[in-house]
2 protein chains.
Amino acid sequence: MTDIYRAIADPTRRKILTLLSRNEYTQSELVDQFTISQPALKKHLSILVEEDLIAERKDGRYCVYRLKRDNFKDQYKKLQQEIGSVLDNKLKKLKTYLEGESDGESH
Amino acid sequence: MTDIYRAIADPTRRKILTLLSRNEYTQSELVDQFTISQPALKKHLSILVEEDLIAERKDGRYCVYRLKRDNFKDQYKKLQQEIGSVLDNKLKKLKTYLEGESDGESH
DNA sequence: AAGTCATATAACCATTTGGTTATAAATAAA
DNA sequence: TTTATTTATAACCAAATGGTTATATGACTT
């Protein structure tokens, strides 16, 4: 999949991403950083795995999570293009105006 | 309020924002750009109004929507700081390592 | 005054989200 | 071989999401 919009919609998941940007962490280490239960956090981790922004690997009884930095970067670039364009469309506004797509509309 | 993450989580709302980045539109003009029903689109518009990213104004029997560009820019900047930091934390990774916050952990 | 067009709102539905508690299973430590 | 720790999963819950249809309200048109 990879829906970065879904991934970052939740503050807990944003914090997880921030933590994993600095280091790998086991699930229990991550749980310690939050006040929610282990199954609740596990669900957030599953969503981030599902969206391919983090990877999990087994190490004995531990489950270690790491950021998939390359894909995260790619997906974030796309977001920036889509959302960033909303901002620099003052130019397109002018273009629209000049083309006389008639702003002073009939309604 | 203003939770830009919630606002942009849905593709329909992202398209609305893109459309409003170029022009003001009435509700019915917007409805024409989608395949979903008028009440469904109205709900998306209400969420964007709630999050203070667009404004609605009455003009006769029409309801005209416009992008609140200033607030959108502010909120997007914050997003960029939060999400962007996830990426350039290779530096912080190094810092963490040098400070010996011990990566080669005991687990 | 009647009809039409734009918007608002209510009622409903299925799915997703974000959480909980309880418990099982697997691995490591005593 | 118990015991403790870590993770996984099931069952449940309330609220939010994203959609629908039906209908009411309001404002221009004719």
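These figures come from a predicted structure and were not determined experimentally. Labels below follow one simple rule: chain letters A, B, ... track the order of the sequence lines, proteins then strands, and each chain is numbered from 1.
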Note to self: So, OP1 or OP2 of dT7(C): does either fall under 4.0 Å of a side-chain N or O from Lys42(B)?
What the structure shows: no
Next item on the list: Determine: side-chain N/O of His44(A) to OP1/OP2 of dT17(C), distance under 4.0 Å, yes or no.
Entry: no
Under-3.5 Å N/O pairs linking protein and nucleotides 2-5 of chain D:
from	atom 1	to	atom 2	distance (Å)
dT5(D)	O4'	Arg61(A)	NH1	3.1
dT5(D)	O2	Arg61(A)	NH1	3.1

Taking side chain to side chain donor-acceptor pair (under 3.5 Å) as the definition, give me every residue that meets it alongside [X], ordered by chain and number, with sequence neighbours left out.
X: Gln75(A); value: none
X: Glu82(A); value: Tyr5(A), Arg14(B)
X: Ser37(A); value: none
X: Arg13(B); value: His44(B)

If I take atom [atom1] in residue [X] and atom [atom2] in nucleotide [N], what distance separates them, rounded to the nearest angstrom?
X: Leu45(A); N: dT7(D); atom1: CG; atom2: P; result: 10 Å
X: Asp59(B); N: dG26(D); atom1: CG; atom2: P; result: 18 Å
X: Phe34(A); N: dG18(C); atom1: CZ; atom2: P; result: 13 Å
X: Glu29(B); N: dT7(C); atom1: CD; atom2: P; result: 9 Å

Item checked: Between the first and last five pairs of the helix from dA1(C)-dT30(D) to dA30(C)-dT1(D), the angle of the axes, rounded to 10 degrees -> 10°
Next item on the list: In sequence, state the C-alpha distance, the side-chain angles, and the governing distance for Tyr65(B) and Thr26(B), and then conclude on side-chain contact (heavy atoms from CB on, under 4.5 Å).
Entry: CA-CA 6 Å; Tyr65(B) 292 89; Thr26(B) 68; over 6 Å; no
Taking only residues two or more places apart in sequence or in another chain, which ones pass salt bridge (Lys or Arg N to Asp or Glu O under 4.0 Å) with [X]?
X: Asp52(A); answer: Lys68(A)
X: Lys43(A); answer: none
X: Asp3(A); answer: none

Notebook entry, point to check: Taking NZ, NE, NH1 and NH2 as the nitrogens, is one of them in Arg66(B) or Glu56(B) under 4.0 Å from a carboxylate oxygen of the other?
Noted result: no
Notebook entry, point to check: Which residues, if any, of residues 2-13 of chain B bring a heavy atom under 4.0 Å of DNA chain D?
Noted result: Arg6(B), Asp10(B), Arg13(B)
Minimal non-hydrogen separation, [X] against [Y], with atom names:
X: Leu19(B); Y: Tyr25(B); result: O-CE1, 3.4 Å
X: Phe34(A); Y: Lys15(A); result: CE2-CD, 3.5 Å
X: Val86(A); Y: Ser21(B); result: O-CB, 3.2 Å
X: Glu29(A); Y: Glu24(A); result: OE1-O, 4.4 Å
X: Glu51(A); Y: Thr2(A); result: OE1-N, 3.0 Å
X: Leu30(A); Y: Leu41(A); result: CB-CD2, 3.7 Å

Checklist line | DNA chain C contacts made by residues 48-57 of chain B, counting heavy atoms under 4.0 Å | finding: none
Could you go over nucleotides 20-24 of chain D and give all protein N or O partners under 3.5 Å, atom names and distances?
from	atom 1	to	atom 2	distance (Å)
dT20(D)	OP2	Ser37(B)	N	3.0
dT20(D)	OP2	Ser37(B)	OG	2.6

Check: Any side-chain heavy atom of Tyr76(A) sitting closer than 4.5 Å to one from Gln81(A)?
Finding: no
Notebook entry, point to check: Of Gly60(A) and Cys63(B), whose closest DNA chain C nucleotide lies nearer the 5' terminus?
Noted result: Cys63(B)
